[in-house]
There are 2 protein chains.
Amino acid sequence: MEKKKSNNRSFKKATKRYREKEVNIIEGALKVFGEKGFEETTLSAMSQAANISEATFYEYFSSKEEVLFSISKLYTQRELDRMMTIAPYVHGARERMRLIIQAYLEFYENNRLYTAVALLTLKGSRNFLKSEAYQVVREAARTVADVYKEGVHEGVFRDDLDPYLVRNMVLGFIEHLTTQWLLVGRPESIARQRDTIFDMVMRAVEKKPDTNPVELNIQVRGLPVRTDPSESNDNPNNSG
Amino acid sequence: MEKKKSNNRSFKKATKRYREKEVNIIEGALKVFGEKGFEETTLSAMSQAANISEATFYEYFSSKEEVLFSISKLYTQRELDRMMTIAPYVHGARERMRLIIQAYLEFYENNRLYTAVALLTLKGSRNFLKSEAYQVVREAARTVADVYKEGVHEGVFRDDLDPYLVRNMVLGFIEHLTTQWLLVGRPESIARQRDTIFDMVMRAVEKKPDTNPVELNIQVRGLPVRTDPSESNDNPNNSG
DNA sequence: GGCAAATTTGAAAATCGCTCAATTTAGATG
DNA sequence: CATCTAAATTGAGCGATTTTCAAATTTGCC
């Protein structure tokens, strides 16, 4: 019942062969988890998928759950890196928020198998919070709050919201939609909801905008009306 | 592995004593589930919590999972009924939406144990979709989409959103926040976030109000500038 | 080839959900 | 109170699965 503190492979060398087999297990497990679900997956099936005996499995991972965490860490880290590579090329908090929403949706849609495991099983696992994988997931989630803060600095987002709450809205929205997509098959594509979701999020988060349907380039009561808000770019990042 | 179709207690009388013990089991199970999680909960622990033997358990429920579903059905139905009682006294889609948000938040906060079971375990159960309990949960969730449609009719909500998407936003927001509250203990109280959540949802869903910082009533480039956009009410919903 | 370390595994222990035959209890009847 | 019946309960154990471990095999190196 009690979990091992440290993995029993700690005394072994992380040789190339070893690491390859480790990947074998993870990929095999991912496949079986996605098909059967975590609970229905047996050690036997997992071991077969990796072409090893059940006993060998325990040389690589200390439990079924640990594989699950490894999968999560692998996928999330990869996607987070990808997003961090793109982010600098995307200008302004508004567009960064669009990037995040799009990235999450496309990632989920393109990795249905992993997503099923992540949203249906991982979220309910109590030990997950203590895993390294969770730290990576947290880091990814933090980007939402960070971008919101950026937007407040830039003056495009309202400043009276808890960034934490914004994060909950964006990710909750996306994850709930994705869960429905997984379980009920509705909507057919989540990525295609991108623009609507972005629109809804923006309305909740943006400063109450001038919603004039025509372009203005005039002065009213002596105040200049900006049509192109891409100038306020001087504030440093708030990294907290 | 395969589930029984019908419960094996069907031939028994539903005596008072019997129903009392049934409640004992459910309440005991809820406690253990809430503490340990579904997976870590053993039949033995559950039976002890109800002061019966493991064998007796199966005279009342056909599986561990069935108790889980029973718990959900019981709680959700009770809360749904409560909400349906209040709803008629609340006027207008806007206020009804506030009611729903408040009801969900307060229910979750006041039923921490059940909420832990529902959000952490039930959501990940594949069989849940086939259970009666799920139908009740769906019914409760539908109220959000219904209220949105009401709001469109009343002309207070924008008419270009899929009600289904609105539902996903509202419930996703709330559930994600609640999950964080359960697992990380942040925020301290979810019910107290009520007004902010309502405000964010409203901004996403309401018809765009005139938020011009200055009143405009002029023509630019020959096009009339509308200050009051509450006329375009004729296009049908896009339900995709 | 020979050796040590790394890797693998068969077999069995331990746990758990669940079943079933057998026993105990509750309640009615005379 | 004795008897009977149906309801309620349970100990014992089955089958499936996770996990452990000592022994066997493979690999890398001299």
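A quick note: this is a predicted structure, and the numbers were derived from the prediction, not measured. Below, chain A is the first sequence line, B the second, and so on; all start at residue 1. Computation of the quantities below employed the complete heavy-atom set of this structure, encompassing side-chain atoms and omitting hydrogens, waters and symmetry-equivalent molecules.
To the nearest angstrom, P of C:dC16 lies 10 Å from CG of B:L43. Rounded to a whole Å, the CD atom of A:E40 is 12 Å from the C1' atom of D:dT17. One interatomic measurement links the two molecules: CE of A:M46 to P of D:dT17, which rounds to 14 Å at whole-angstrom precision. D:dA8 atom P lies 14 Å from atom CG of B:N24, rounded to whole Å. Rounding to whole angstrom units, CZ of residue A:F61 and P of D:dT19 are separated by 14 Å. The distance from atom CD of B:E20 to atom P of C:dA26 is 14 Å, rounded to the nearest whole Å. Regarding A:K36, its NZ atom lies at a distance of 10 Å from the P atom of D:dT17, rounded to whole Å. A straight line from CZ of B:R19 to C1' of D:dA8 spans 16 Å, rounded to a whole angstrom.
A donor-acceptor contact under 3.5 Å links the side chain of B:E54 to the base of C:dC18.
Listed nucleotides C:dC18, D:dC21, D:dG11 differ in distance to B:A55; the shortest reach to its side chain belongs to D:dG11. The listed nucleotides are D:dT17, C:dT9, D:dT10; the one nearest the side chain of A:E59 is C:dT9. Taking the side chain of B:S63 as heavy atoms from C-beta on, and the options D:dT18, C:dG17, C:dC18, the nearest nucleotide is C:dC18.
Comparing A:E39 and B:F57, the nucleotide of DNA chain D nearest to each residue sits closer to the 5' end for B:F57. Heavy-atom nearest nucleotides on DNA chain D were determined for A:T42 and for B:K21, and the one closer to the 5' end corresponds to B:K21.
Considering A:L105, A:T143, A:V90, A:L171 in turn, A:T143 is the only one that fulfils the side-chain contact (heavy atoms from CB on, under 4.5 Å) rule with A:I100.
Within 6.0 Å of NZ on A:K31 lie no more than 12 heavy atoms contributed by other residues, nucleotides or ligands.
A cation-pi arrangement, defined by a distance under 6.0 Å to the six-membered ring centre and an angle within 45 degrees of its axis, is present between B:R186 and A:Y164.
Checking B:E139 against B:Q135 by side-chain atom types alone, no donor-acceptor pair falls below 3.5 Å. Remark: the B:S44 side chain and the B:S47 side chain contain no N/O donor-acceptor pair separated by less than 3.5 Å.
Within the 4.0 Å cut-off from OP1 or OP2 of D:dA8, not a single side-chain nitrogen or oxygen of B:T56 is found. The side chain of A:S53 contributes no N or O atom lying less than 4.0 Å from OP1 or OP2 of C:dT8. B:Y58 has a side-chain polar atom (N or O) that falls below the 4.0 Å cut-off from OP1 or OP2 of C:dC18. Remark: A:K64 is in phosphate contact with D:dT18, judged by side-chain N or O atoms under 4.0 Å from OP1 or OP2. Taking 4.0 angstrom as the limit, B:Y60 places a side-chain polar atom (N or O) nearer than this to OP1 or OP2 of D:dT9. Side-chain N/O atoms of A:R17 include one lying less than 4.0 angstrom from OP1 or OP2 on C:dT8.
Evaluation of the side chain to side chain donor-acceptor pair (under 3.5 Å) rule for B:Q77 yields B:D81 as partners, not counting sequence neighbours.
Contact annotation for A:T41: backbone-only contact, meaning every heavy-atom pair under 4.0 Å involves sugar-phosphate atoms and none involves a base.
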